[in-house]
Amino acid sequence: MEDGNGIEHKAYARIGLLGNPSDVYFGRTISFSLANFWASVKLEPSEDLIIHPHRTHDFLRFNSIHQLVNRLQNEGYYGGVRLLMALCKIFYRYCKDNEIELHGGNFTLSYDTNIPRQTGLSGSSAIVCAALSCLLDFYKVRHLVKVDVRPNLILDAEKELGIVAGLQDRVAQVYGGLVYMDFRKEYMDKWGYGMYVPMDSSLLPPLFLIYAENPSDSGKVHSTVRKRWLDGDEFIISTMNKVADIALEGRDALLEKNYSKFVALMNQNFDLRRVMFGDDALGSMNIEMVEVARRVGAASKFTGSGGAVVAFCPDGPSQVKLLEDACKKAGFAIQKAIVAPTFLSDSDLQSISSK
Ligand SMILES: Nc1ncnc2c1ncn2[C@@H]1O[C@H](COP(=O)(O)OP(=O)(O)O)[C@@H](O)[C@H]1O
Ligand SMILES: O=C(O)[C@H]1O[C@H](OP(=O)(O)O)[C@H](O)[C@@H](O)[C@@H]1O
Ligand SMILES: [Mg+2]
């Protein structure tokens with residue numbers, strides 16, 4: 001969005017529906033952009049280049065040591081300022097390396113977000129994705145930075161900060177809607193990104209988002225699995241391939257509206273994650289969120305690496321009511337997941353089809 005006062009863009013949270021975390025291991029996923037929560041970034045032309053701290057997430061003034069410790073425990077040490085700075089650096093480097101000329105004007109970037117933190121809903125990349133959209137418009141270079149490359153820039157900005165993450169979140173956030181993604185090594189080596197295919201989101205049955213207010217550390221849970229995968233551990237490699245196959249089978253199940261198959265795949269996805277990562281790495285509260293749903297007969301799995309769960313009630317409204325009651329009793333928040341529609345422009349779509 002652009003008006004006389006500047007440019008503003010939103011990017012939504014995302015749900016990894018099937019196949020995650022195989023995106024980090026040359027696998028496949030189906031993910032969608034979640035309209036329930038979003039981050040917004042505003043860019044206003046200014047004399048100097050200013051990154052504006054958020055009034056709460058970056059605020060460094062506290063009314064007591066108790067409040068300071070509480071903030072650090074609940075939100076960690078960092079807010080979004082470092083994400084915006086890292087993106088500016090990565091964007092500048094990319095444009096320089098690709099001989100994309102940037103005009104000389106300056107700007108002020110500010111952000112806001114309502115995405116629950118560290119819940120595996122991709123709050124960090126939403127901030128970066130919205131900021132990238134602002135930069136593309138400010139410098140008028142949207143047509144020069146291919147859609148498929150944009151998730152890589154978002155990921156690179158976070159990698160720059162040591163944040164462990166994969167591409168599926170950023171793809172869902174750049175594309176919007178429901179997207180099937182194939183990250184096979186052959187594509188990653190050839191193009192540097194995967195094959196991303198938008199799907200009709202009306203194929204999805206009603207889905208529910210369950211999350212806990214207490215955040216988990218979404219970076220640490222990957223650590224031992226990644227090392228074992230890199231070390232050639234047979235069990236991890238073959239199990240991760242099975243996780244990737246879930247997205248492939250899930251695409252067919254959705255296209256055929258075979259929801260009993262879909263139930264089995266969602267459950268299998270989490271069960272495979274559980275044997276690879278182990279209960280300690282996943283965390284007892286995260287496991288309980290999955291099990292609360294399963295106890296009422298719903299299918300359930302993590303949306304990301306932990307902190308939130310996506311659930312499907314194949315038996316309809318009466319089962320949804322049971323799920324809502326069970327979540328309430330367990331102290332988990334629950335809401336219906338709403339898919340954000342695709343936000344690619346005509347020129348974006350053209351750049352995809354001309355790949
Ligand atoms: N809601 C937020 N407000 C400000 N900064 C955030 C927020 N969420 C994440 N961040 C920034 O992103 C970093 C990584 O967050 P991460 O653990 O990836 O959370 P998520 O899984 O929600 O993306 C944080 O250390 C912080 O710098
Ligand atoms: O483990 C997963 O499913 C995902 O974990 C990360 O997402 P997060 O939102 O931080 O939990 C990672 O970025 C994704 O690529 C993984 O699929
Ligand atoms: Mg993140």
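Quick note: numbers below take in every heavy atom, side chains included, and nothing from hydrogens, waters or symmetry partners. Residue indices begin at 1 and follow the sequence shown. Nothing here was measured: the structure is a model prediction, and the numbers come from that model. First listed ligand is number 1; within each ligand, the first listed atom is number 1.
Applying the 4.0 Å criterion to heavy atoms of R14 picks out, from ligand 2, the atoms 7 (O), 8 (P), 9 (O). Close approach to S122 involves these atoms of ligand 2, each under 4.0 Å from a residue heavy atom: 9 (O). The contact set between ligand 1 and Y78, taken as ligand atoms under 4.0 Å from a residue heavy atom, comprises 25 (O), 26 (C), 27 (O). Residue V24 has at least one heavy-atom neighbour below 4.0 Å for each of these atoms of ligand 2: 15 (O). Numbered from 1 in the order shown, with element, the atoms of ligand 1 that lie under 4.0 Å from a heavy atom of I163 read 13 (C), 14 (C). Close approach of ligand 1 to G79 is summarised as follows: ligand atoms under 4.0 Å from at least one heavy atom of the residue are 4 (C), 5 (N), 11 (C), 26 (C), 27 (O).
Using a 4.0 Å cutoff on heavy atoms, Y77 does not count as a contact of ligand 1. Under a 4.0 Å heavy-atom criterion, G76 is not in contact with ligand 1.
Using a 4.0 Å cut-off between charged nitrogen and carboxylate oxygen, K321 and D325 count as a salt-bridge pair. Under the 4.0 Å criterion applied to side-chain N and carboxylate O atoms, R28 and D245 are assigned as salt-bridge partners. Ion pair R184/D189 not flagged as a salt bridge, since none of the NZ, NE, NH1 or NH2 atoms sits closer than 4.0 Å to an Asp/Glu carboxylate oxygen. Here R295 pairs with E288 in a salt bridge; the nearest charged N to carboxylate O distance falls below 4.0 Å. D231 has a carboxylate O that lies under 4.0 Å from a charged side-chain N of K227, or vice versa, which qualifies the two as a salt bridge. Between R55 and D112 a salt bridge is recorded (basic side-chain N to carboxylate O distance below 4.0 Å). R170 and E158 are joined by a salt bridge, as a carboxylate oxygen and a charged side-chain nitrogen come within less than 4.0 angstrom of each other.
At a heavy-atom cutoff of 4.0 Å, ligand 1 is contacted by the side chain of L83 but not by its backbone. Contacts of V164 with ligand 2, taken as heavy-atom pairs under 4.0 Å, are absent altogether. Within the 4.0 Å heavy-atom criterion, the part of R273 lying near ligand 2 is the side chain and not the backbone. Contacts with ligand 1 closer than 4.0 Å are made by heavy atoms of both the backbone and the side chain of S124. Here Y111 has side-chain heavy atoms under 4.0 Å from ligand 1, and that is the only part of it that gets that close. Residue-level proximity to ligand 2 for R170 is carried by the side chain, the only part with a heavy atom below 4.0 angstrom.
Where the criterion is an N or O separation shorter than 3.5 Å, residue side chain and backbone included, P116 fails it with respect to ligand 1. The shortest N/O to N/O separation between G80 and ligand 1 falls below 3.5 Å. Checked by distance only, ligand 1 and T113 stay at 3.5 Å or farther apart across all their nitrogen or oxygen atoms. Ligand 2 has a nitrogen or oxygen under 3.5 angstrom from a nitrogen or oxygen of G166. For ligand 1, the polar-atom distance check against G123 finds a nitrogen or oxygen pair separated by under 3.5 Å. Remark: ligand 2 and N20 share an N or O pair separated by less than 3.5 Å (distance only, no angle test). For ligand 2, the polar-atom distance check against G304 finds a nitrogen or oxygen pair separated by under 3.5 Å.
Not less than 6.0 angstrom separates the ring centroid of H54 from the ring centroid of F59.
Taken from OH in Y175 to OG1 in T342, the straight-line distance is 9.0 Å, to the nearest 0.5 Å. Between the CE atom in M199 and the CZ atom in R251 there is a gap of 7.0 Å [rounded to 0.5 Å]. In this structure, L43 CG and I7 CD1 are separated by 5.0 Å, a value rounded to the nearest 0.5 Å.
By the ring-ring contact (aromatic ring centres under 6.0 Å, His included) test, H103 pairs with F138, Y139, sequence neighbours left out.
Taking only non-hydrogen atoms, the option from E158, R82, R117 nearest to atom 7 (C) of ligand 1 is R117. Among L121, V171, D169, N269, the residue whose heavy atom sits closest to atom 13 (O) of ligand 2 is D169.
Pairs passing the ring pair (Phe, Tyr, Trp, His ring centres under 6.0 Å) check and including a residue from residues 252-273, sequence neighbours excluded, read F262-F312, F270-F302.
F62 places a side-chain heavy atom less than 4.5 Å from the side chain of R71.
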